[in-house]
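One-based numbering, in listed order, for ligands and for the atoms of each. All of these numbers come straight from a predicted model, not from anything done at the bench. Count residues from 1 along the sequence.
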Amino acid sequence: MSNLQANDPVGISFWLISMAMVAATVFFLIERDRVSGKWKTSLTVAGLVTLIAAVHYFYMRDVWVATGETPTVYRYIDWLLTVPLLIIEFYLILSAITKVPIGVFQRLLAGSLIMLVAGFMGEAGYMDVTLGFIIGMAGWIWVLYEIFAGEASQINAASANAICQKAYSSMKWLVSIGWAIYPVGYFLGYMNGAVDDATLNGIYNIADLWNKIAFGLVIWAAAVADSSE
Ligand SMILES: *C/C=C(C)/C=C/C=C(C)/C=C/C1=C(C)CCCC1(C)C
């Protein structure tokens with residue numbers, strides 16, 4: 001194991017985020033006790049997301065500190081596990097309130113998998129980077145369509161209570177604005193070459209902090225508010 005150096009801000013961000021993910025995991029899993037039964041699964045899943053990310057961050061920090069290279073494989077294994085878990089939260093919070101057809105979950109899952117597989121193939125050199133980007137964008141847009149205009153959004157508008165709708169709305173903006181950071185990083189890092197590995201990893205790290213911990217906190221806040229009604 002190589003040691004972290006004081007002049008390596010990206011390495012330090014890997015370290016800090018590892019700890020934030022550990023702390024968030026403990027928080028979500030303990031807070032699960034405070035919320036009513038129908039919200040518990042949502043908090044369990046929020047805790048699993050940060051737990052999986054914490055472990056990947058330990059390994060990614062090591063790769064970065066030892067080689068100064070982008071830990072692409074660990075990064076994508078993390079995303080492959082955590083993105084479906086994040087996306088299932090839309091299904092879970094709506095299911096806490098009303099009945100949701102499984103097709104909603106299947107479409108969200110399919111869209112996010114297309115996005116990730118294409119992105120990985122582009123970043124790892126198995127596919128043309130531009131083609132990987134275009135297919136990846138198409139998968140993401142499909143997810144956005146489902147949550148902004150598709151069946152998930154219609155169920156939310158028609159059946160969810162005010163607390164759930166507020167959480168849905170914050171989550172929707174995280175998946176659009178928060179998630180947009182990744183394709184921007186990919187574009188700048190691999191397509192126009194404007195940023196180096198350090199900047200790319202710095203961008204991905206900040207995005208993960210936001211999209212995993214803040215996302216979980218939105219769900220936690222809704223769960224606590226709804227449970228005390
Ligand atoms: C916790 C990790 C998260 C929320 C990761 C999200 C990743 C993305 C939204 C990636 C998106 C990409 C595209 C939309 C185009 C192709 C390249 C990707 C995979 C970076």
For [atom], what's the nearest protein heavy atom and its distance?
atom: atom 9 (C) of ligand 1; value: Met115 CE, 3.4 Å
atom: atom 14 (C) of ligand 1; value: Pro183 CG, 3.7 Å
atom: atom 17 (C) of ligand 1; value: Tyr186 CD1, 3.6 Å
atom: atom 16 (C) of ligand 1; value: Gly136 CA, 3.9 Å
atom: atom 4 (C) of ligand 1; value: Trp179 NE1, 3.5 Å
atom: atom 3 (C) of ligand 1; value: Tyr182 OH, 3.4 Å
atom: atom 2 (C) of ligand 1; value: Lys212 NZ, 2.4 Å

Treating Asn201 as the side-chain partner and Asp197 as the backbone partner, does any N or O pair qualify as donor plus acceptor under 3.5 Å?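 Yes.
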
If hydrophobic clusters are built by linking Ile, Leu, Val, Met, Phe, Trp and Tyr wherever their side-chain heavy atoms come under 4.5 Å apart, do Ile213 and Trp210 end up in the same one? yes

In one Ile/Leu/Val/Met/Phe/Trp/Tyr side-chain cluster, 4.5 Å: Leu131, Met121: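 Yes.
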
Atoms of ligand 1 less than 4.0 Å from [X] heavy atoms?
X: Met137; value: 14 (C), 15 (C)
X: Trp79; value: 2 (C), 5 (C)
X: Thr82; value: 1 (C)
X: Asp208; value: 1 (C), 2 (C)

Can you check whether Trp140 and Phe133 have ring centres sitting under 6.0 Å from each other? no

Just go through Trp140, Phe133, Tyr76, Phe120 and tell me whose heavy atom is the nearest to atom 18 (C) of ligand 1.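 Nearest heavy atom to atom 18 (C) of ligand 1 lies in Tyr76.
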
Before you tell me yes or no, could you show the steps for Lys166 and Asp226 under salt bridge (Lys or Arg N to Asp or Glu O under 4.0 Å), namely the whole-Å CA-CA distance, both residues' side-chain angles and the distance that decides it to 0.1 Å? CA-CA 11 Å; Lys166 194 163 152 235; Asp226 193 60; over 6 Å; no

Assign the ring pair Trp79 / Tyr204 to parallel, tilted or perpendicular, where the plane angle (0 to 90°) is split at 30° and 60°. perpendicular

Measure the acute angle between the ring planes of Phe105 and Tyr91, then classify it against the limits of 30° and 60° as parallel, tilted or perpendicular.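 Taking Tyr91 first and then Phe105, their aromatic rings sit tilted (interplane angle of 30° to 60°).
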
Part of Val83 within contact of ligand 1 (heavy atoms, under 4.0 Å):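 The answer is the side chain of Val83.
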
I need the contact type for Leu86 against ligand 1. Using non-hydrogen atoms and a strict under-4.0 Å cut-off, is it side chain, backbone, both or neither? side chain

Check against salt bridge (Lys or Arg N to Asp or Glu O under 4.0 Å), Arg61 and Asp8: CA-CA 11 Å; Arg61 189 208 68 235; Asp8 177 5; over 6 Å; no

Knowing that exactly one of Trp64, Phe14, Tyr74 qualifies, which makes a ring-ring contact (aromatic ring centres under 6.0 Å, His included) with Tyr57?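 Answer to the ring-ring contact (aromatic ring centres under 6.0 Å, His included) test with Tyr57 among Trp64, Phe14, Tyr74: Phe14.
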
